[in-house]
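Each chain gets a letter, A, B and so on, in the order the sequences are listed, and its residues count up from 1.
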Amino acid sequence: MKSEPNECSIDDLVRLGRVPWTGVRNYQARNFMRDAMQVGDGVLFYHSSCPEPGIAGLARVASAAYPDATQFDAASPYFDPKSRPDAPRWLHVDVDQGRKTRLLPLAEMRQRPELATMGVLKPGSRLSITPVTPDEWQAVQALLATG
DNA sequence: GCCAACGTTGGC
DNA sequence: GCCAACGTTGGC
């Protein structure tokens with residue numbers, strides 16, 4: 001799951017304990033949260049749009065998907081005037097159990113053939129949420145465990 | 001700031 | 001349903 005650290009960094013998650021993953025406004029990313037995530041699933045916490053993009057920590061899916069309140073808040077940058085309260089368009093999960101790891105920079109991720117299949121590395125991928133296979137998860141853990 | 005990639009919008 | 005225009009993402 002990508003997050004801009006100036007919006008919500010891994011340090012913010014560790015400090016807050018639990019965070020609602022609001023603001024996702026892409027159907028594919030929404031569907032991953034709605035259909036593919038389960039409470040207890042592991043999360044790779046990725047810092048994007050920052051000086052050092054890469055995996056910055058681990059976390060856990062803490063809830064099933066539920067309606068994103070910011071879509072109905074006219075004062076929010078995530079306000080969606082086309083979404084109706086009786087048929088919410090945007091959903092999100094909560095995330096908790098943040099743990100900071102060493103930074104695994106995007107440049108290093110690209111060098112590792114075992115990570116080449118990861119959605120976040122696909123050319124032109126802009127999805128803020130992509131699924132991770134068990135093999136990819138294991139490969140990332142192994143890299144995080146090394147200096 | 002640049003720009004490639006991609007999603008969304010809306011006219012037809 | 002097509003597709004051009006436009007907006008956004010996000011690394012560099």
Side-chain angles (χ1 to χ4, degrees), chain A residues 1-16 19-37 41-96 98-133 135-147:
Chain A
M1 299 177 84
K2 292 184 190 172
S3 183
E4 301 185 15
N6 59 0
E7 297 275 331
C8 179
S9 68
I10 184 66
D11 291 317
D12 292 330
L13 175 59
V14 170
R15 180 166 46 83
L16 295 169
V19 159
W21 207 265
T22 55
V24 172
R25 294 296 180 267
N26 172 282
Y27 289 105
Q28 231 179 317
R30 179 204 65 182
N31 293 347
F32 285 138
M33 288 195 285
R34 186 189 61 191
D35 305 331
M37 286 188 181
D41 282 351
V43 172
L44 302 177
F45 196 107
Y46 180 94
H47 283 176
S48 69
S49 293
C50 60
E52 287 194 294
I55 294 171
L58 306 173
R60 188 192 76 123
V61 175
S63 79
Y66 62 99
D68 182 339
T70 64
Q71 69 196 303
F72 303 122
D73 176 2
S76 167
Y78 302 121
F79 178 59
D80 182 351
K82 288 187 242 173
S83 186
R84 310 194 52 85
D86 56 335
R89 185 180 289 197
W90 304 114
L91 310 172
H92 66 79
V93 298
D94 289 354
V95 166
D96 71 357
R99 277 176 293 151
K100 198 169 183 174
T101 63
R102 81 163 173 105
L103 182 76
L104 178 57
L106 176 61
E108 182 178 345
M109 295 175 71
R110 290 200 191 284
Q111 288 173 0
R112 310 301 289 198
E114 66 270 34
L115 303 188
T117 56
M118 290 188 74
V120 75
L121 299 183
K122 296 234 174 76
S125 167
R126 297 173 311 160
L127 272 182
S128 64
I129 297 176
T130 47
V132 176
T133 68
D135 282 351
E136 291 162 356
W137 176 271
Q138 280 307 117
V140 168
Q141 304 308 312
L143 285 172
L144 289 174
T146 70

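Residues from residues 68-82 of chain A placing a heavy atom under 4.0 Å of any atom in DNA chain C do not occur. Across residues 102-126 of chain A, A:L106, A:R126 each have a non-hydrogen atom less than 4.0 Å from an atom of DNA chain C (numbered order).
Annotation: the span from A:T146 atom OG1 to A:E108 atom CD amounts to 6.5 Å, rounded to 0.5 Å. Atom CD in A:Q28 sits 10.5 Å away from atom OG in A:S128 (nearest 0.5 Å).
In this structure, a donor-acceptor pair under 3.5 Å is absent between the side chains of A:T133 and A:D135. Between the side chains of A:S9 and A:D12, a donor-acceptor pair is found at a separation under 3.5 Å.
Screening A:V120, A:I129, A:L127, A:L44 against A:K2 for a side-chain contact (heavy atoms from CB on, under 4.5 Å) leaves a single residue, A:V120.
At whole-Å resolution of the value, CD in A:E7 and P in C:dT9 are 11 Å apart. The distance between atom CZ of A:R25 and atom P of C:dT9, rounded to the nearest whole Å, is 11 Å. With rounding to whole Å, A:K2 atom NZ is found 12 Å from B:dC6 atom C1'. Look at CG on A:L127: it is 7 Å from P on B:dG7, rounded to the nearest Å. Atom pair A:N31:CG and B:dG7:C1' shows a separation of 14 Å (rounding to whole Å applied). In this structure, A:I129 places its CD1 atom 16 Å from C1' of C:dG10, rounding to the nearest Å. Between the CZ atom of A:R89 and the C1' atom of B:dT8 there is a distance of 11 Å, given to the nearest Å. Atom-to-atom, CD of A:Q28 to P of B:dC6 comes out at 11 Å; the value is rounded to the nearest Å.
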| message | Using the rule given for side-chain contact (heavy atoms from CB on, under 4.5 Å), can you reason through A:M118 versus A:T130, listing the C-alpha separation, both sets of side-chain angles and the distance that settles it, and then say yes or no? | response | CA-CA 8 Å; A:M118 290 188 74; A:T130 47; over 6 Å; no
| request: Before giving the answer on salt bridge (charged side-chain N to carboxylate O under 4.0 Å, His left out), spell out for A:R89 and A:D80 the whole-Å C-alpha distance, their side-chain angles and the decisive distance to 0.1 Å. | output: CA-CA 9 Å; A:R89 185 180 289 197; A:D80 182 351; 3.6 Å; yes
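Taking the six-membered ring for Trp and the full ring otherwise, the centers of A:W90 and A:Y66 sit at least 6.0 Å from each other.
A:V61 is linked by a side-chain contact (heavy atoms from CB on, under 4.5 Å) to A:M37, A:D41, A:V43, A:V93, counting only residues two or more places apart in sequence or in another chain.
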